[in-house]
Engineer: 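This structure is in structure tokens; I'll ask about it shortly.
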There are 2 protein chains.
Amino acid sequence: MLGAALMLVHTGRAPTRSALTAELGVTRATAGAAAGELAALGLIRVDTHPTAPPTGTHGRPSHRLAVAPRGPVVLALQVHVDGYRAALVGLGGRVVDTRWGCVTVPQEPAAVIDAVVAAGADLLRATKLRCVGVGMAVPSAVSEPEGEALDAFNVAWSVGTPVSAELGAAVRRAGLEGPGGAPPPYFVGNDANLEALAEHRHGAGRDARHLLYVTTGHRGVGGALVLDGRLHTGSAGLALEVGHLTVDPAGRPCRCGGRGCLDVEADPLAFLQDAGRTPGPEPSLLRQAVDLLRQSDRDAGVRGAADLLADRLGLGLAGLVNILNPDRIVLGGLHSALLSAQPRRLHAVVAERSLWGRGVPLLPSGIGRAGLVGAAELAWQPVLDDPVTALEAAPA
Amino acid sequence: MLGAALMLVHTGRAPTRSALTAELGVTRATAGAAAGELAALGLIRVDTHPTAPPTGTHGRPSHRLAVAPRGPVVLALQVHVDGYRAALVGLGGRVVDTRWGCVTVPQEPAAVIDAVVAAGADLLRATKLRCVGVGMAVPSAVSEPEGEALDAFNVAWSVGTPVSAELGAAVRRAGLEGPGGAPPPYFVGNDANLEALAEHRHGAGRDARHLLYVTTGHRGVGGALVLDGRLHTGSAGLALEVGHLTVDPAGRPCRCGGRGCLDVEADPLAFLQDAGRTPGPEPSLLRQAVDLLRQSDRDAGVRGAADLLADRLGLGLAGLVNILNPDRIVLGGLHSALLSAQPRRLHAVVAERSLWGRGVPLLPSGIGRAGLVGAAELAWQPVLDDPVTALEAAPA
DNA sequence: TCACTTTGTGCCGCTGCTAAACAAAACGGA
DNA sequence: TCCGTTTTGTTTAGCAGCGGCACAAAGTGA
């Protein structure tokens, strides 16, 4: 109950106390008690006297609810192909402060993770905010419950790298303090999964019951599914490996052994190649591809490559629609840019190649740094599940 | 709580009161009270003095729990290509009595549904058992929440046939009486989905957290997914249309507009054709194919067709494994027979063509008439969710 | 027959919620 | 300006569900 109330404030669905009452489906008394407890825990702020609220309705104005401005935060970390980023994230997905660094690939996982955790520890020292959890996004499938990276070829980590264990060690080495003085709980997730979670809680996926998220990194295609508000990661954390759907049987060979996988046919590199460009070393492949896509109305070659990308992505999405029947699809990375640039062809292909995909809304991603925000969601989850227990969290 | 307890007895996971206590994770007092209430409702039987229980353990023997022998039943109905079947099904998936009939295609939906409901009403009159719900399985995708059949080409119903409404009308016409004297609640589902549900509750899918079910009818391939004990039907009931996964880009044309879909490459008709047989009018395509598959160790042509079927099905399953990461796969229809006949090739293809499919257990279906049992599960669901409310169910 | 183990049952108290009555804060009309 | 209406916040009483505990019951084995 407390957790459900906090989630409603967290996701912005309960901006007032009366909205909280309605969303929870309980009496005013119960909702009021919950709001009071959350305020006492320092998680939310209850504005008893909202200054000049232009209501326009009858009746007593409701108290406004908001996340506490200097309440606890979580440490959100992200490792990607050429660097890392650390951020302090409050409730509501508010990024308080952020810091980043570069690494040259290949690099030992432990060294990278130590560096990103150290950056986070710096942030915490500088702001003196209380840290209640650590979440990290990595560009790899992550097995559950072991927390091992299984295909982190982007960052040149070997199969089976114990990312979760390394993160735990780094957290202890950095001397981070969580609830009860013990090291804060820490979690690792795949970046595409976490971006999907962020989109569902705070972005274009809000209120979707079955949200399909598909995105590109610099290389490859990732997917995720959020069902009834919870990430569907499959039985071992390995679901939604959408990169190996076949979209062109005569296409490029893929490291999975097949040909014409989405992973190699609908990612930034494929798009640059299809447009006849030779990818340069700088900036990132994703940025080069997005910049190029902007020229599609002036350059016929680019336009052709964009059409090809839309056809292939659309075919892949159509297959996913047949299997998952989502009520919304959010696209990230290059696919988000493609959707914004020319929505029609993509919609048409999905409608044509799926059985009942005509009405599925396709939306571009709605938040920046979704990976970081998603990592924060992971770290917030224990608090959202049971605020009291998570905040007092007796050390082991 | 009461519902959870009933579910445990229903699925056979709580054969004794102490097992119920352990599975529910509550105190003996609470579990005892729940068992007492369910017995008072006439749903289960508590054997206080189990005669001669060969325990072999220390301590006081636990009371045995079982579904009530003459407790209420649900009416399970199934419509298929050339006929229908009605059954009374008790808790625990026990088929009390069954009755069937034939129809010649094409036939008006209302007429078929009237006939199958009438058969069910006969059964109820003959046994004088109390009916608490009606469930019907149809060979078509069923939209939610409207309850319309969307691709019932097998039974020649037009797109958008309001099956749920027709069933409701037939139930009222037949004068069936449910809880409180009102017509019993009625539900419609896709047959593959309901078979999956039956397998999960009572068959080869027991205790799987992420169960993927794939099966053939006489024509086409169907799939279903059971997540954490609940059927995943997608946002509009249209998920798991696995029949249109491409498994042979140069293959047969499919009514979806594509080529080489699972639907036309891994169904009984395709197998018969691949083996060089001309399908006869009798018996059903499924039966002909299963009978033929039995000869695969004597006939090289049949063996080749079986290998081809295993390759194509395996490729389709591998794709599904990449997307859904199930912890178990159960196969029905012709695919079940294929798995029993030659498990090795199928296992090998799934392992080879999926990223992490090596360890996924593949099992043949474990119950007969799974469609009927699944339809019964659908009808039982309100009782399993909240026995008290469902059984007293005030009329509208 | 006597420990010992395991299970069923009754009683007490805590927790979390609802219901109901009352108070507070806005609006609009006389 | 006053008062009725509407909506919301607050307080109190009461109920239902469940856990904890103590005790009784029904087996096993020495």
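Chain naming here is simple, since letters A, B, ... match the order of the sequence lines and numbering starts at 1 in each.
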Engineer: Can you sort out the partners of B:R130 under salt bridge (Lys or Arg N to Asp or Glu O under 4.0 Å), two or more places apart, ordered by chain and number?
Structural biologist: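 Checked B:R130 against salt bridge (Lys or Arg N to Asp or Glu O under 4.0 Å); zero matches.
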Engineer: Rounded to the nearest angstrom, tell me the gap between atom CG in B:L20 and atom P in C:dT6.
Structural biologist: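 Taking atom P of C:dT6 as the reference, CG of B:L20 is at 19 Å.
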Engineer: Is the distance from OP1 or OP2 of C:dT18 to the nearest side-chain N or O of A:T27 less than 4.0 Å?
Structural biologist: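 So the side-chain polar atoms of A:T27 do come within 4.0 Å of the phosphate oxygens OP1 or OP2 of C:dT18, strictly under.
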Engineer: Looking at five pairs on each end of the helix from C:dT1-D:dA30 to C:dA30-D:dT1, what is the angle between the two axes, given to 10 degrees?
Structural biologist: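 Axis angle across the helix from C:dT1-D:dA30 to C:dA30-D:dT1, nearest 10°: 0°.
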Engineer: State which residues pass side chain to side chain donor-acceptor pair (under 3.5 Å) with A:T16; sequence neighbours excluded, sorted by chain then number.
Structural biologist: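 Side chain to side chain donor-acceptor pair (under 3.5 Å) check on A:T16 returns A:S18.
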Engineer: Could you run down nucleotides 7-13 of chain C 5' to 3' and tag each one B, S or - for protein heavy-atom contact under 4.0 Å?
Structural biologist: BBBB---
Engineer: Can you name the side chain to side chain contact (heavy atoms under 4.5 Å, CB included) partners of A:P15, sequence neighbours left out?
Structural biologist: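 Per chain and number, A:P15 pairs via side chain to side chain contact (heavy atoms under 4.5 Å, CB included) with A:A19, A:R64.
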Engineer: Which residues satisfy the side chain to side chain contact (heavy atoms under 4.5 Å, CB included) test with A:R70, sequence neighbours excluded?
Structural biologist: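 For A:R70, the residues satisfying side chain to side chain contact (heavy atoms under 4.5 Å, CB included) (neighbours in sequence not counted) are A:L129.
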Engineer: Taking only distance into account, with no hydrogens and no angle test, what donor-acceptor pairs under 3.5 Å do side-chain atoms of residues 27-41 of chain B form with protein atoms, sequence neighbours excluded?
Structural biologist:
unit_1 : atom_1 : unit_2 : atom_2 : d
B:T27  : OG1    : B:T30  : N      : 3.4
B:T27  : OG1    : B:T30  : OG1    : 3.0

Engineer: Name all residues meeting the side chain to side chain contact (heavy atoms under 4.5 Å, CB included) criterion together with A:A236; count only those two or more places apart in sequence or in a different chain, and write none if there are none.
Structural biologist: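 For A:A236 the side chain to side chain contact (heavy atoms under 4.5 Å, CB included) partners, ignoring immediate neighbours, are A:L238, B:N325.
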Engineer: At a heavy-atom distance below 4.0 Å, what parts of residues 34-46 of chain A sit against DNA chain C?
Structural biologist: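 Residues of residues 34-46 of chain A that come under 4.0 Å of DNA chain C do not exist, since none gets that close.
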Engineer: Starting at CG of B:D47 and ending at P of D:dA26, how long is that distance when rounded to a whole Å?
Structural biologist: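 Interatomic distance, CG of B:D47 to P of D:dA26: 15 Å.
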Engineer: Against A:Y213, only a single residue in A:E195, A:R328, A:H200 fulfils side-chain hydrogen bond (donor to acceptor under 3.5 Å, both in side chains); can you say which?
Structural biologist: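 Answer after filtering A:E195, A:R328, A:H200: A:E195.
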Engineer: Among pairs that include at least one residue of residues 6-22 of chain B, which meet salt bridge (charged side-chain N to carboxylate O under 4.0 Å, His left out), considering only residues two or more places apart or in two chains?
Structural biologist: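 Checked against salt bridge (charged side-chain N to carboxylate O under 4.0 Å, His left out) - neighbours excluded - the pairs reaching residues 6-22 of chain B are B:R13-B:D207.
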Engineer: Between C:dG16 atom P and A:L2 atom CG, what is the distance in whole Å?
Structural biologist: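 From A:L2 CG to C:dG16 P: 8 Å.
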Engineer: Whole angstrom is fine here: how far is it from CG in B:L24 over to C1' in D:dG19?
Structural biologist: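 It is 14 Å, rounded to the nearest whole Å.
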Engineer: Please name all residues satisfying side chain to side chain contact (heavy atoms under 4.5 Å, CB included) with A:A204, sequence neighbours left out, ordered by chain then number.
Structural biologist: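 Side chain to side chain contact (heavy atoms under 4.5 Å, CB included) check on A:A204 returns A:E199, A:V330, A:L363.
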Engineer: Holding to side chain to side chain donor-acceptor pair (under 3.5 Å), I want the full list of residues that pass it with A:R209, two or more places apart in sequence or in another chain.
Structural biologist: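 Once residues adjacent in sequence are excluded, the partners of A:R209 under the side chain to side chain donor-acceptor pair (under 3.5 Å) criterion are A:D228.
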Engineer: Please report the shortest heavy-atom distance between B:P183 and B:V171, naming the atom on each side.
Structural biologist: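 In terms of heavy atoms, the two residues are closest at CB-CG1, 4.2 Å.
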